Number of protein chains: 2
Amino acid sequence: MTQLQRRKIPDAAIARLPIYLQILNNLAATNVLQFSSDELAALAGVNAAKVRKDLSYLGSYGTRGVGYEVTYLIYQIKRELGLMREWNVVVVGAGNLGCALAKFDGFLSRGFPVVGIVDNDPKKIGRTTSSLTVGDVADLKNIVRDEKVNIGVITTSSAAAQSAADALIEAGITSILNFAPVVLSTPSSVSVRHVDLGVELQILSYYEQMRIETGIKSDTSPELSKVGVQ
Amino acid sequence: MTQLQRRKIPDAAIARLPIYLQILNNLAATNVLQFSSDELAALAGVNAAKVRKDLSYLGSYGTRGVGYEVTYLIYQIKRELGLMREWNVVVVGAGNLGCALAKFDGFLSRGFPVVGIVDNDPKKIGRTTSSLTVGDVADLKNIVRDEKVNIGVITTSSAAAQSAADALIEAGITSILNFAPVVLSTPSSVSVRHVDLGVELQILSYYEQMRIETGIKSDTSPELSKVGVQ
DNA sequence: AGGGCTTAGTGCATTAATTCACAAAGTCAG
DNA sequence: CTGACTTTGTGAATTAATGCACTAAGCCCT
């Protein structure tokens with residue numbers, strides 16, 4: 001109760017930590033040992049105060065006058081984000097996108113192995129895609145239990161998305177990544193992230209139209225300077 | 001100068017308009033003629049005041065005591081977002097994801113036809129995927145000119161993403177949707193939206209871990225009530 | 001040992017976004 | 001025509017996020 005159960009990190013900061021992690025992994029791969037908030041800020045395209053504030057939510061892990069240690073910060077960010085372990089993923093919907101995601105190595109390489117893919121279309125069930133056989137969505141509960149699934153990814157049609165979500169929740173899943181262009185209705189105990197590719201283009205369309213209407217000013221000055229690190 | 005060139009709509013509101021549009025299209029398809037801010041709010045999973053404020057940026061198109069007219073609001077949102085026309089898309093990177101997106105009908109159906117796909121790998125150039133032949137990234141400038149491309153989608157490896165962006169910008173593209181897990185360095189005159197699928201899972205991982213640490217409280221009350229409209 | 005230099009950490013001001021809450025404007029029934 | 005009811009539109013309050021600017025710490029060079 002009175003005991004502080006966990007540092008509360010603002011959502012906006014949480015969403016940036018994976019970006020920092022990505023960059024730090026690259027730095028580590030090129031044998032960079034240390035970095036300053038200025039350098040990370042340049043690489044991440046944000047301002048240095050924001051980087052320092054974000055990292056300060058993890059604790060005071062920097063050294064004044066010096067900066068932060070790459071490997072130690074990677075450790076701390078991973079710990080905070082819950083990336084010290086793998087989280088198993090099941091994909092619901094074996095269409096183009098679902099199959100592409102099942103093969104997508106960006107999931108596995110970041111600690112999210114896709115351990116199953118299911119569909120409700122008998123024509124798709126049984127097909128094999130990159131070492132996974134498409135299962136029946138009706139077996140979701142068993143798959144989730146047997147494969148210890150933690151996260152569900154919905155790549156069904158929009159018509160089927162809500163029932164896919166219901167099936168995932170019924171199977172005990174509490175984290176969902178939804179690619180279908182519908183707003184899911186879920187209990188508040190379930191985390192849902194919604195990625196709508198059409199929406200992304202529509203947002204770009206707004207700014208593109210705005211540029212056209214207000215007259216194109218061809219500014220080619222770089223917004224993010226590619227600052228060499230160390 | 002003193003003349004108001006264009007209503008300035010907050011970024012957060014712009015990002016929600018496509019969601020509203022999506023929902024209104026569904027309503028129109030089921031012959032719903034009118035809706036209130038309360039109803040749209042329930043369907044979009046936000047609060048009613050936010051809906052009203054967002055819609056008010058478009059103008060005063062509601063009727064007090066009644067609500068909004070579905071088709072008219074669809075028109076207004078489309079006008080505002082620049083969706084009265086099509087915007088042509090080129091995909092750079094013909095891997096799993098790139099090919100899946102080229103086939104993805106969610107782009108075409110929302111007014112973003114994919115008119116080209118290119119890669120730098122000679123083994124992929126020349127292949128055909130869903131009526132498109134993979135072109136050479138070196139020809140990007142010609143493709144952009146000939147096909148009147150407005151938006152570039154980057155689905156290359158992270159190593160190739162920056163040069164893909166440079167090539168798009170060189171070819172005159174000012175709107176980019178980037179799926180590669182790197183922060184692109186671009187002029188400020190170019191709009192970039194970054195969708196990093198790994199990041200989305202990492203964010204889910206944080207909240208999932210938090211639930212585990214703080215003890216799972218199995219709340220199954222629906223957050224979004226599926227309110228019938230009209 | 002000390003002074004200059006660098007950089008983290010953070011309180012505070014600012015800006016952006018959200019939410020409240022209510023007046024204004026309309027409908028509808030009788 | 002009037003009064004009860006509904007729902008928009010929006011000032012104002014609140015909350016969240018950002019960015020500034022300064023203090024505190026540590027390094028390095030002489």
Side-chain angles (χ1 to χ4, degrees), chain A residues 7-17 19-20 24 27 32-70 72-74 76-77 80 188 203 206-207 223-224 227-230, chain B residues 7-20 24 27 32-70 72-73 76-77 80 188 203 206-207 223-224 227-230:
Chain A
R7 229 184 325 271
K8 169 63 188 158
I9 303 184
D11 289 347
I14 289 297
R16 281 187 297 267
L17 289 178
I19 307 289
Y20 300 153
L24 296 184
L27 293 182
V32 175
L33 300 178
Q34 301 206 315
F35 68 97
S36 69
S37 58
D38 258 329
E39 290 162 340
L40 179 53
L43 293 168
V46 300
N47 99 11
K50 194 184 281 180
V51 167
R52 289 198 296 277
K53 191 151 284 188
D54 287 345
L55 296 184
S56 78
Y57 296 124
L58 306 173
S60 280
Y61 298 133
T63 307
R64 294 172 193 225
V66 178
Y68 304 85
E69 204 191 313
V70 173
Y72 192 55
L73 252 287
I74 287 174
Q76 291 299 339
I77 294 176
E80 190 66 39
S188 60
I203 294 170
Y206 171 79
Y207 294 105
E223 174 168 65
L224 309 174
V227 176
V229 177
Q230 292 301 77
Chain B
R7 229 185 326 270
K8 169 62 188 157
I9 303 185
D11 289 347
I14 288 297
R16 280 187 298 266
L17 289 178
I19 308 289
Y20 301 152
L24 296 184
L27 293 182
V32 175
L33 300 179
Q34 300 206 317
F35 67 97
S36 69
S37 58
D38 258 328
E39 290 162 340
L40 179 52
L43 292 167
V46 301
N47 99 9
K50 193 184 280 178
V51 167
R52 288 199 297 277
K53 188 147 282 186
D54 287 345
L55 295 184
S56 78
Y57 295 124
L58 306 173
S60 281
Y61 298 132
T63 308
R64 294 173 191 223
V66 178
Y68 305 85
E69 204 191 314
V70 173
Y72 191 56
L73 252 287
Q76 290 299 339
I77 294 175
E80 190 67 39
S188 60
I203 295 170
Y206 170 78
Y207 294 105
E223 175 167 64
L224 310 173
V227 176
V229 177
Q230 292 301 75

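All values derive from a computational prediction rather than experimental measurement. In what follows, chains are A, B, ... by sequence order, proteins preceding strands, each numbered from 1.
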Any side-chain heavy-atom pair of [X] and [Y] under 4.5 Å:
{"X": "B:Y68", "Y": "B:L40", "result": "no"}
{"X": "B:L17", "Y": "A:Y206", "result": "no"}
{"X": "B:Y20", "Y": "B:V51", "result": "yes"}

Going by the rule side chain to side chain contact (heavy atoms under 4.5 Å, CB included), which residues pair with A:E69 if we only count those two or more places apart in sequence or in a different chain?
A:T71, A:Y72
Residues two or more places apart in sequence or in another chain: which of them pass side chain to side chain contact (heavy atoms under 4.5 Å, CB included) with B:A49?
B:N47, B:R52
Contact interval (first through last nucleotide) of DNA chain C with protein chain B, 4.0 Å heavy-atom:
C:dA17 to C:dT27
Pairwise 5' ranking along DNA chain C for A:G65 and A:L55, keeping only the more 5' one
A:G65
Every protein N/O lying under 3.5 Å from an N/O of nucleotides 16-20 of chain D:
residue, atom, partner, partner atom, Å
D:dT18, OP1, A:R16, NH1, 3.3
D:dT18, OP2, A:R16, NH1, 3.0
D:dT18, OP2, A:R16, NH2, 2.9
D:dG19, OP2, A:K50, NZ, 3.3
D:dG19, O5', A:N47, ND2, 3.4
D:dG19, O6, A:K53, NZ, 2.5

Residue whose nearest DNA chain D nucleotide is more 5′ - B:D38 or A:R64:
B:D38
Taking all non-hydrogen atoms of both residues, which atom of B:Q34 and which atom of B:V32 are closest, and how far apart?
O-CG1, 3.2 Å
Tell me the closest heavy-atom pair linking A:E39 and A:F35, and the distance in Å.
OE1-CA, 3.3 Å
At under 4.0 Å between heavy atoms, what does A:G62 touch on the DNA or RNA strands: base, sugar-phosphate, or nothing?
sugar-phosphate
Is there a side-chain contact between B:S56 and the phosphate of D:dG9, meaning an N or O under 4.0 Å from OP1 or OP2?
no
OP1, OP2 of D:dT6 versus side-chain N and O of B:Y68: anything below 4.0 Å?
no
Go through the structure and list residues passing salt bridge (Lys or Arg N to Asp or Glu O under 4.0 Å) with A:D11, not counting sequence neighbours.
A:K8
